[in-house]
Amino acid sequence: MISTLTAPTRPHHQLIAAWLRLWNGEPDLAETIISPQFRLHAALLGGADEDSIDDAGALTGWITSTRAAVKDLTFTLEVGPLTDTDHVALRWRATGHYSGGFPGATAAPGTPVDFTGTDMLRIEDGRIAEYWVNSDMHVLLGQLGVRS
């Protein structure tokens, strides 16, 4: 009984390990783990259009721009992955040190950052087809000294 419960999740766990490595600075993984029909669901900073992030290249560009202000940004899993057939949920923590260049930030370069979030992923044909993200951006913005 245990093997029938754990066997279907094993591919998802490998996919999530690659997802984490993608966010931790391995952009070449995107082409192998992101579906050509990828769709993002997120409130993006600066009012950017989530519909413009619709393939592996656009996702990699977004990840690269996210990492630009915190070059040593490191994502770790706190909870999960929790799997249910074709959906995976996880809670992550991101830590690093501010590198500079974030619009409106008053924090000095080197300021530590530490924030959390949750990802919900829909898996199709062994790749990530949809991505919902909810992150504690207000915590990050506070640490960077961004004032509204």
Where Ser35 and Arg127 come nearest, the two heavy atoms and their spacing: N-CB, 3.7 Å
From Ile34 atom CD1 to Asp54 atom CG, the distance as rounded to the nearest 0.5 Å: 12.0 Å
Ring geometry between Trp132 and His87 (parallel below 30°, tilted from 30 to 60°, perpendicular above 60°): tilted
Less than 3.5 Å apart, which donor and acceptor atoms pair up between the side chains of residues 98-107 and the rest of the protein, not counting sequence neighbours?
residue	atom	partner	partner atom	Å
Tyr98	OH	Gly101	N	3.1
Tyr98	OH	Phe102	N	3.0
Ser99	OG	Lys71	N	3.0
Thr106	OG1	Gly145	O	3.0

Nearest non-hydrogen partners of Thr60 and Ala30, listed with the distance: OG1-CB, 3.2 Å
Atom pair CD (Glu130) and CZ (Phe38), whose distance is rounded to the nearest 0.5 Å: 9.0 Å
Heavy-atom check, side chain of Leu15 versus side chain of Ile33, under 4.5 Å: yes
Backbone N/O of Thr85 and side chain of His12: donor-acceptor pair under 3.5 Å: yes
Separation between CD1 of Ile123 and CG of Asp84, rounded to the nearest 0.5 Å: 12.0 Å
Interatomic spacing from CZ in Arg122 to CZ in Arg39 - rounded to 0.5 Å: 11.0 Å
Quick one: side chains of residues 133-143, donor-acceptor pairs under 3.5 Å with protein atoms, not counting sequence neighbours, listed by atom name and distance.
residue	atom	partner	partner atom	Å
Asp136	OD2	Thr116	OG1	2.4
Gln143	OE1	Asp114	N	2.8
Gln143	NE2	Asp114	O	2.8

Single hit among Asp28, Thr32, Ile128, Leu59 for side-chain contact (heavy atoms from CB on, under 4.5 Å) with Leu22: Leu59
Parallel, tilted or perpendicular, as decided by the 30° and 60° cut-offs, for the rings of Trp19 and Tyr131: perpendicular
Main-chain N/O of Gly96 paired with Asp72 side-chain donor or acceptor, under 3.5 Å: no
Gap between atom CG of Asp119 and atom CZ of Arg91 - 0.5 Å precision: 11.0 Å
Stepwise side-chain contact (heavy atoms from CB on, under 4.5 Å) check, Ile16 with Leu77: CA-CA 10 Å; Ile16 297 309; Leu77 291 183; 4.1 Å; yes
Non-hydrogen atoms of Glu124 and Ala129 that approach each other most closely: CB-CB, 3.9 Å
Under 3.5 Å donor-acceptor, Arg67 side chain and Leu73 backbone: yes
ILVMFWY network linking Phe115 to Val146, side-chain heavy atoms under 4.5 angstrom: yes
Trp23 CH2 to Trp62 CH2 distance, which is reported to the nearest 0.5 Å: 4.0 Å
